[in-house]
Amino acid sequence: MTSDLLENLNPPQREAVTHPGGPLLIIAGAGSGKTRVITHRIAWLIREQGLRHSAVFAATFTNKAAEEMSHRVQRLLGVSGVSLPIATFHSLCARMLRTDAPLVGRTERYTILDEADQRGLIKDILKSLGLRAEECPPAYAQWRINQAKMKMQTPDEFEATLERAEDHWVVDVFRQYERRLGESDAFDFEDLILSVVRLLEGSGERLHHWQSRFEHVLVDEYQDTNLVQYRLVKLLSGAHGNLCVVGDEDQSIYSWRGADLDNILSFQRDHEGAKVIRLEQNYRSTGNILGAASAVIAHNTERLGKTLWTEAGDGEPLCLIGAANEHAEAERVLELIEHERRRGTPLREIAIFYRVNALSRIFEERLAAADVPYRIFGGVRFFERREIKDLIAHLDLVENPENSVALLRVINVPRRGVGEKTLRGLVKEADRRGVSLWQALRQMVHEGKLRGKAGNALRAFVDQIDDWRESVSTLGLPGLLDRILEDTDYAAHLRKSDPLSAAGRVENIEELGQSLAEYEQGRATATLGGYLERVALTTATDDYDPDEECVNLMTLHCAKGLEFDVVVIVGMEEPIFPNRRAVEEQGRGLEEERRLFYVGLTRARKRVFLTHAMTRFLHGQTQRNLPSAFLGEIPREVLAVAGRSQPGWGGRHPQGVPGRQKSVAPPRRRGTMGMFRTGERVSHDAFGEGTILGVKGEGSMRRLVIRFEGKELVELLESYAQLERLDREET
DNA sequence: ACTACATGGATTTTT
DNA sequence: TCCATGTAGT
């Protein structure tokens, strides 16, 4: 029986799809049809192997990936509107906890804290412990606590492994934090998975229950899993061993978020008899792009190794563009976009990637000035806007008033005259009684202890929450929101606190109402808890429109999983990319930076442009930047160097080019201007005139050591330094 | 209790 | 430069 599910698959893809069971590692190179293989495999398991829909646990890292997979599987199966267990790790665990939360000390109405909530809670704890923010930065505590949790450390274990004595305060914060989470009936992101792991480890009955529920376990982006996710997957597949993981070690770029590359590197050792399938045929990029990416990544040592190939032709060479400063760089990128436009490339097929967000601004400004539509990925997310967070916090409280984080956020918004002093008293009182803030409030109301201006406000607040809680069922979700808006006169509060942005914020609130209505309409059992779970685990970047006609700006991290005809990677400069801090502060820094470059390159279908500026104004000062070392790792034969395309500009105009540039010729490509020798006089756009003192390396790695007039020594890669020979001109 | 200024720090951020 | 955060003033 040849299933139509196997049509249009290449042999290794087919083998991966039809692998019967047992551990399977699919090493999926960039652009090798990974999603296709996963979705076809799930469909194949269900249709050809007779698996129940609900028996395939398929975990991803992003909602977007999960949604796409889920849709495609449903399409393959010819069904729709089915809720398959294809979702993010967090979402799958949240679902398991909807029934099992009471077994880990929470209720079914638990709350999910996002990172902002988490930071709020930590700040609060710091305050109540009397720690000063200068010596004990909340962000640092948050980071350490999350790191510890990702390593499955309890506060005690964290304390035992603490290396720096001066960090001991974090232990206290961690202990308090865990306690307060419990009191608030809340999970943070990591807890969602961690709690399930602890549950499965602690209860044979639950382990058996979930193991038999999920007969196959699939993991996407396996190179990004951390210890907790690894344990979860191992536990769930422990009984039957039907574990299929898909990943690419060369695209692991989240180690700083706890991802452990060893999970994928040692999969074979870890799972006896594991089958390994490599997907190496690339269906996305040209030969030249693939050649560049492969050559770059070959410098890494922590690899399973794979050889990407394509049936496509070489295509055009990658194009390196050097500019004198960031203004010139932006100008060149704009020219390039204009040129692409005339070539017929749709704007939505052009992307600008940068290593750090700080680089995006100048491109935004230039694009806006030139009336080129653009959009930025990963800005402030919808559900992180202040007004939305405020209202969600109200909803959180209605669902679960024990949630102290939400309570503190909301108790004086809009202003009710409940200040810091009153609040501190309340926190202290709750602490003394050993109950949540909400419980303390209720008890105090009951005992008639709340008097005075603040007391009245607090009593009214308690009544209001109770009132809302009672009316949820009659009002419906959008109705509840309206009621909250009305009762708090929130719009007036917005107008008062920030008149300029009020209109936009009101619009956002209307959108929130829309989203509530949509949620309610979309399902038979729409609950407030269900909606809040979705909100907590969803970023609104998930719903961007890929067809919108605009240039895409994003960090290299955001680019993972996307593809464009034309990719421009800007800021290819030494301290920025590879990022000096990343290299210094993380053990595997340089290799991870290189993987990031690899990810960027492999996003491109047709053309890649790499740009760098000799000097850049950043953080309030002008820095002089050498071209990225990664540029030297690209084989010379696939790299073209654009010369100065506009005589008379681009060089010594620190203020940028005055006025609008008329459309100009495409970046001209030309090779280097012959080899330079020691002793020759040269001129350079940014550095001025100088003398070559020495030569290092050879071929594409040939570097020139130059002393520029009155300045220190500079080492430049000859192949793209854009030097001009002076001696000859002067004679 | 809220607002206005100073200070210091500035990768990346799937959930 | 720009932003978040902390403190001093009203």
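Order of the sequence lines fixes the chain letters, A, B, ..., with proteins taken first and strands second; residue numbering starts at 1 for each chain. Everything numeric in this text was worked out from a predicted model, so none of it was measured.
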Exercise. Expressed in angstrom and rounded to an integer, what is the separation of A:Tyr140 atom OH from C:dA4 atom C1'?
Worked result: 20 Å
For this session: Rounded to the nearest angstrom, tell me the gap between atom CG in A:Asp220 and atom P in B:dT15.
Result: 13 Å
Exercise. Taking atom P in both C:dT5 and B:dT12, what distance in whole Å separates the two?
Worked result: 15 Å
For this session: Would you mind telling me which residue lines up with the more 5' stretch of DNA chain B, A:Phe61 or A:Thr422, judged by nearest nucleotide?
Result: A:Thr422
Exercise. Does B:dT12 have A:Trp256 stacked on its base, where the ring centres are within less than 5.5 Å and the planes differ by under 30°?
Worked result: yes
Seminar exercise, completed: When rounded to whole Å, the CZ to P distance for the pair A:Arg595 and B:dT12 reads 18 Å
Exercise. Partners of A:Gln623 by side chain to side chain donor-acceptor pair (under 3.5 Å), sequence neighbours excluded?
Worked result: A:Asn625
Exercise. Given atom CD of A:Gln118 and atom P of B:dT15, what is their separation to the nearest angstrom?
Worked result: 16 Å
Problem set entry | Spacing between A:Arg95 atom CZ and B:dT15 atom P, to the nearest angstrom | 14 Å
Exercise. Which of these nucleotides, B:dT11, C:dT1, B:dT15, is closest to any side-chain atom of A:Ala582?
Worked result: B:dT11
For this session: Give A:Phe617 one of three labels, base, sugar-phosphate or nothing, depending on what nucleic acid heavy atoms sit under 4.0 Å from its own.
Result: sugar-phosphate
Exercise. Base, sugar-phosphate, or nothing for A:Gln621, non-hydrogen atoms under 4.0 angstrom?
Worked result: nothing
For this session: Kindly say if A:Asn357 contacts the phosphate of C:dC2, meaning a side-chain N or O under 4.0 Å from OP1 or OP2.
Result: no
For this session: Give the nucleotide from the list B:dT15, B:dT11, C:dT1 with an atom nearest to the side chain of A:Arg361.
Result: C:dT1
Problem set entry | Side chain of A:Tyr254 (C-beta onward), nearest among B:dT13, B:dT11, B:dT15 | B:dT13
Exercise. For A:Asn579 and B:dT12, is the shortest distance between a side-chain N/O and OP1 or OP2 below 4.0 Å?
Worked result: no
Exercise. For A:Asn146 and A:Gln118, does a side-chain donor sit closer than 3.5 Å to a side-chain acceptor?
Worked result: yes
Exercise. Taking C-beta and beyond as the side chain, do A:His90 and A:Ile112 meet within less than 4.5 Å on heavy atoms?
Worked result: no
Problem set entry | Sugar-phosphate, base or nothing in reach of A:Asn412, heavy atoms under 4.0 Å | sugar-phosphate
Seminar exercise, completed: Rounded to whole Å, the CD1-P distance (A:Ile86 to B:dT15) equals 17 Å
Exercise. Considering residues, nucleotides and ligands other than A:Arg98, do more than 12 of their heavy atoms fall under 6.0 Å from its CZ?
Worked result: yes
Exercise. Would one find a side-chain N or O of A:Arg581 under 4.0 angstrom from OP1 or OP2 of B:dT11?
Worked result: yes
Seminar exercise, completed: Rounded to whole Å, the CD-P distance (A:Gln142 to C:dA4) equals 15 Å
Exercise. What is the ring orientation for A:His493 with A:Tyr490, classed by angle as parallel under 30°, tilted 30 to 60°, or perpendicular over 60°?
Worked result: tilted
Exercise. Can you find a donor-acceptor N/O pair under 3.5 angstrom joining the side chain of A:Arg580 to the base of B:dT11?
Worked result: no
Seminar exercise, completed: In whole angstroms, the gap separating P of C:dT1 from CD of A:Glu364 amounts to 18 Å
Exercise. Between A:Thr555 and B:dT11, does any side-chain N or O lie under 4.0 Å from OP1 or OP2?
Worked result: no
Exercise. Mapping A:Glu190 and A:Glu593 onto DNA chain B by nearest heavy atom, which one lands closer to the 5' end?
Worked result: A:Glu593
For this session: Could you list the residues that satisfy side chain to side chain donor-acceptor pair (under 3.5 Å) with A:Ser360, not counting sequence neighbours?
Result: A:Glu364
